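Taking it in order: structure first as structure tokens, then the write-up.
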Amino acid sequence: MSKLPMMLTCGEFEAFLFDYVEDRLSGYARFKFEFHIKACRDCRDYLAAYKKTMALGGQVLGAPADPVPADLPDELVAAILAARDNDADGAPE
Amino acid sequence: MDQTATAPRVDADANPDPLVARLRAGDRAAYAEMVRTHGGRMLAVARGIVGEGDAADCVQDAFLQAFRKIDTFEGQAALGTWLHRIVVNAALMRRRKMMARPELSLDELAPVFDDTGCRVEPTYTLLDEPDLAERTEVRAAIIDGLAQLPDEARQIILLRDVEGLSTDQAATELGVSVSAAKVRLHRARAALKRLLEPAFGADSVAEIGAEA
């Protein structure tokens with residue numbers, strides 16, 4: 001994959017990947033990166049999986065835009081406040 | 001929990017929550033107000049990560065951390081967003097204990113290249129499916145994958161990819177340089193990707209579908 005002067009190796013592609021997905025790559029570096037994507041299926045799959053990983057984190061664990069709260073038991077509220085009082089009485093971290 | 005919702009963007013110009021000033025002043029009524037205002041949402045989030053049995057403990061852990069750290073809350077995020085991050089982190093740490101597995105090494109999950117610079121690790125062709133995040137197996141893989149990452153890796157993914165801060169904001173939040181944050185984030189994503197691939201690679205998902 002590295003015989004053409006403009007062709008990055010997969011290892012070099014990896015070094016540019018973060019800036020590419022953050023849209024911080026421009027000019028000739030971006031051209032070389034995108035040229036590699038077209039030529040190398042492994043890196044194309046890798047990039048797609050990397051982007052999917054970024055997206056899934058927010059989709060699974062992000063704060064919901066329209067949250068449905070659970071019923072908060074009074075005992076839990078009392079336990080939290082009691083734990084806070086005990087914590088405040090002790091030595092702070 | 002709405003599984004398709006995206007993380008909210010922070011509003012750096014938002015006025016600080018007046019509740020925060022009362023919390024910092026040690027107003028006990030303010031602590032109760034914070035718990036009652038945000039606790040129900042946090043409990044729902046914790047249940048989604050650790051299940052019913054351990055969720056209340058996670059919420060209690062999260063509030064204790066929040067009470068201790070309220071002086072360091074800078075208002076870059078809304079109070080609810082900050083608490084969401086804390087309870088997710090607390091629940092993931094409890095999840096790690098429940099899994100009874102050691103923390104994974106990022107080096108072992110880093111991309112692998114041969115002597116000529118060619119990628120040699122197994123790659124997966126992703127199933128092109130918009131609701132991948134709603135699959136139980138994929139959700140479990142995200143939760144267990146993040147739970148197994150080292151603390152620094154998990155924290156930066158929570159800030160950048162889960163909460164939606166910019167990389168520069170995440171660096172500020174963690175007290176590290178932007179360049180250090182970029183390296184840390186890239187290694188963390190690459191590791192999490194390796195952990196997730198068996199769950200969302202086309203072959204695996206097809207197998208899950210066939211078993212259902």
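Throughout, protein chains are lettered first and strands after them, A, B, ... in sequence-line order, and every chain is numbered starting at 1. Source: prediction; values computed, not measured.
- Put simply, NZ on B/K193 and CG on A/L56 are 12.5 Å apart, with the number rounded to the nearest 0.5 Å.
- Ring geometry for B/H186 versus A/Y50: interplanar angle of 30 to 60°, hence tilted.
- Ion pairing of B/E197 with A/K52 is absent here, as no side-chain N (NZ or NE/NH1/NH2) approaches a carboxylate O to less than 4.0 Å.
- Closest heavy-atom contact between A/M54 and B/D161: O-CB, 3.6 Å.
- Nearest heavy atom pair, residue A/C10 against residue B/C118, reads SG-CA, 3.9 Å.
- For the pair A/R84 and B/F63, the cation does not sit on the ring face, since its NZ or CZ is not both under 6.0 Å from the ring centre and inside 45° of the axis.
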Stepwise side chain to side chain contact (heavy atoms under 4.5 Å, CB included) test for A/R24 and B/T167: CA-CA 11 Å; A/R24 296 182 189 218; B/T167 301; 3.8 Å; yes

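- Between B/R85 atom CZ and A/L61 atom CG the span is 14.0 Å, to the nearest 0.5 Å.
- Side chains of B/Y31 and A/L81 form a contact here, defined as non-hydrogen atoms less than 4.5 Å apart.
- Put simply, CG on A/L72 and NE2 on B/H38 are 12.0 Å apart, with the number rounded to the nearest 0.5 Å.
- One distance of note links CG of B/L192 with OG1 of A/T53; it measures 5.5 Å at 0.5 Å rounding.
- Only the side chain of B/V88 comes within contact range of chain A, with heavy atoms under 4.5 Å apart.
- Contact between B/R28 and A/D85 at its shortest, heavy atoms only, is NH2-OD2, 2.6 Å.
- No salt bridge links A/D66 with B/R41; every basic N to acidic carboxylate O contact stays at or beyond 4.0 Å.
- The contact between B/I142 and chain A is made entirely by side chain atoms (from C-beta outward), counting heavy-atom distances below 4.5 Å.
- Ionic pairing of B/R36 and A/D74 is present here: one or more N-O contacts between side-chain nitrogen and carboxylate oxygen are shorter than 4.0 angstrom.
- Summarising the geometry of A/D71 relative to B/L43, their closest heavy-atom pair is O-CD2, 3.5 Å, with the distance given to 0.1 Å.
- With a 4.5 Å cut-off on non-hydrogen atoms, A/D42 touches chain B through its backbone and its side chain both.
- Of the listed residues (B/G26, B/G40, B/P111), the greatest number of heavy-atom pairs within a distance under 4.5 Å of chain A belongs to B/G40.
- Put simply, the side chain of A/F18 does not reach to within 4.5 Å of the side chain of B/V183, judged on heavy atoms.
- With a 4.5 angstrom heavy-atom cutoff, B/L195 does not touch chain A via any of its atoms.
- Minimum interatomic distance between B/T116 and A/T9 (heavy atoms only, all atoms of both residues): O-CG2, 3.8 Å.
- Closest of all the heavy-atom pairs between B/A44 and A/V68 is CB-O, 3.6 Å.
- Between B/K182 and A/E22 there is no salt bridge, since no side-chain N of the basic residue sits under 4.0 Å from a carboxylate O of the acidic one.
- With a 4.5 angstrom heavy-atom cutoff, B/A190 touches chain A via backbone and side-chain atoms both.
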